[in-house]
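Read the structure below first, then the notes.
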Amino acid sequence: MIEIANLHKQFGKTEVLKGIDLKIAEGNTVCIIGPSGSGKTTLLRCLNLLEEPTKGKIQLGDFSLEFQDHKRIPKDTVIKFRQQTGMVFQGYNLFPHMTAVENVMEGLVIIRKQSKEEARTKALHLLEKVGLKERANHYPFQLSGGQQQRVGIARAMAMEPKVLLFDEPTSALDPELVGEVLKVMKELANEGMTMVVVTHEMNFAREAADKVIFIDKGIIVEEGTPQQIFEQTKNERTLQFLNKLI
Ligand code: ADP
């Protein structure tokens, strides 16, 4: 479903991604792990063109984009491409002046041009799915961080993306709120949603990932099943990273 080939990203003279090759099958959950500053977030942001890669190819669904220095992708292509993805950010990014249900409806009404009634019905269904139907009319400031993040997930799902991208979705949360967000993500993974998750939550990666990608200094050092990465790896760099976490 997603195929990334020889992807590079440079910020000025600094090359942050140095040739990433990656295939993600439909319905799979892929967890990206690695040290801070290794390029995980940049890779995720390249996947929905929040960052435009310097070089390489990304194929997603019907789109096949090729990047080259100085040749910008047309804006309407970027928008259409991005609409196939849903992004869940570290810091929820909900509209503060809108209730939970209004946050989830917004894209459906503004971008998909659905009627408010239709959008509200769908948004309520999604809020129920993330366990927040009773909080539908609460504003973000009336919700805990974990609840806000679950609204963020419902909002991303509302647009029916081909793939959901998560950028460290639990790292801004108090520890006691992490579990409720991971639970929703595990349910989505089990339902066959295609997900790419940048995460520090190794237990989540162990339990929910079909594939774990270990990135260091802008390259994929190793990829495999959770068992291969967490239990069987012989790679020095992977071992060093994992041992530091214990
Ligand atoms: P990770 O998610 O693994 O912590 P990032 O992808 O956030 O790593 O960052 C990788 C490197 O790219 C870091 O050295 C960071 O400073 C640099 N970087 C990220 N975004 C930008 C940017 N917009 N401009 C310049 N450098 C950036």
Side-chain angles (χ1 to χ4, degrees), residues 2 4-22 24 29-58 60 65 67-73 75 78-79 81-82 85-93 145 149 152-153 156 163-173 175 178 181-182 185 194-206 208-209 211-224 226 229-230 233 235-246:
I2 304 176
I4 300 167
N6 194 28
L7 200 77
H8 291 252
K9 174 66 185 175
Q10 234 166 298
F11 292 110
K13 288 206 164 69
T14 315
E15 193 168 44
V16 173
L17 299 179
K18 300 173 183 162
I20 300 280
D21 295 291
L22 180 60
I24 299 168
T29 294
V30 171
C31 286
I32 302 177
I33 62 170
S36 177
S38 57
K40 304 181 297 295
T41 294
T42 304
L43 174 58
L44 200 72
R45 289 170 64 87
C46 281
L47 267 178
N48 74 351
L49 303 184
L50 276 175
E51 299 290 354
E52 193 166 318
T54 325
K55 203 166 94 181
K57 273 190 196 170
I58 299 180
L60 169 59
L65 300 182
F67 306 94
Q68 274 173 357
D69 273 327
H70 312 303
K71 217 177 115 193
R72 301 300 299 265
I73 303 292
K75 201 151 189 192
V78 171
I79 290 167
F81 181 93
R82 190 171 296 150
T85 71
M87 183 80 146
V88 178
F89 297 92
Q90 200 179 105
Y92 343 126
N93 296 13
Q149 191 56 300
I153 294 172
V163 56
L164 272 184
L165 309 173
F166 294 83
D167 187 9
E168 297 186 13
T170 58
S171 59
L173 296 176
V178 168
V181 174
L182 294 181
M185 290 169 62
T194 310
M195 317 206 301
V196 184
V197 186
V198 171
T199 187
H200 294 300
E201 295 289 339
M202 296 303 143
N203 283 334
F204 174 78
R206 207 173 261 130
K211 182 146 92 172
V212 178
I213 310 281
F214 172 57
I215 292 195
D216 193 13
K217 300 192 177 85
I219 60 161
I220 294 180
V221 174
E222 203 182 2
E223 65 174 84
I229 298 293
F230 294 117
T233 183
N235 186 293
E236 281 291 327
R237 281 158 82 180
T238 312
L239 283 169
Q240 212 179 22
F241 171 72
L242 294 175
N243 286 338
K244 265 193 206 150
L245 301 176
I246 300 168

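Each ligand, and each atom within it, is numbered from 1 in the order the structure gives. Counting from 1, the numbers follow the sequence of the chain as shown.
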Under 3.5 Å: donor-acceptor pair, side chain of Gln90, backbone of Phe166
no
Any non-hydrogen protein atom less than 4.0 Å away from atom 5 (P) of ligand 1:
yes
Polar side-chain atom of Asp21 near backbone of Asn6 as donor-acceptor pair, under 3.5 Å:
yes
Main chain of Val16, side chain of Thr14: is a donor-acceptor contact present, judged purely on distance under 3.5 Å?
no
When you compare ligand 1 with Thr41, is there at least one nitrogen or oxygen pair between them that comes in under 3.5 angstrom?
yes
May I ask you to check whether Thr238 and Glu222 show a side-chain donor-acceptor distance below 3.5 Å?
yes
Could you tell me the residue and atom name of the protein heavy atom closest to atom 9 (O) of ligand 1, and the distance to it rounded to 0.1 Å?
Thr42 OG1, 3.8 Å
For ligand 1, note which part of Val16 has a heavy atom under 4.0 Å away: side chain, backbone, both or neither.
side chain
Under 4.0 Å from any heavy atom of Ser36, which atoms of ligand 1 are there?
4 (O)
Please list the nearest protein heavy atom to atom 8 (O) of ligand 1 with its residue and the distance rounded to 0.1 Å.
Gly39 N, 3.2 Å
Under the 3.5 angstrom rule, does the side chain of Lys18 hit a backbone N or O of Lys217 as a donor-acceptor pair?
yes
Is there a nitrogen or oxygen of Ser38 sitting under 3.5 Å from a nitrogen or oxygen of ligand 1?
yes
Between the side chain of Glu223 and the main-chain N/O of Lys211, is any donor-acceptor distance below 3.5 Å?
no
Indicate yes or no for a side-chain donor-acceptor contact from Lys40 to the backbone of Pro35 under 3.5 Å, with no hydrogens or angles considered.
yes
Starting from atom 3 (O) of ligand 1, find the nearest protein heavy-atom neighbour and note its residue, name and distance.
Lys40 NZ, 2.8 Å
What residue and atom, counting heavy atoms only, is the protein's closest point to atom 23 (N) of ligand 1, and at what distance?
Phe11 CE2, 3.4 Å
Treating Glu15 as the side-chain partner and His8 as the backbone partner, does any N or O pair qualify as donor plus acceptor under 3.5 Å?
no
Taking 4.0 angstrom as the limit and counting only heavy atoms of Pro35, give me the atoms of ligand 1 inside it, by number and element.
3 (O)
Give yes or no for whether the N/O distance cutoff of 3.5 Å, strictly under, is met between Gly37 and ligand 1.
yes
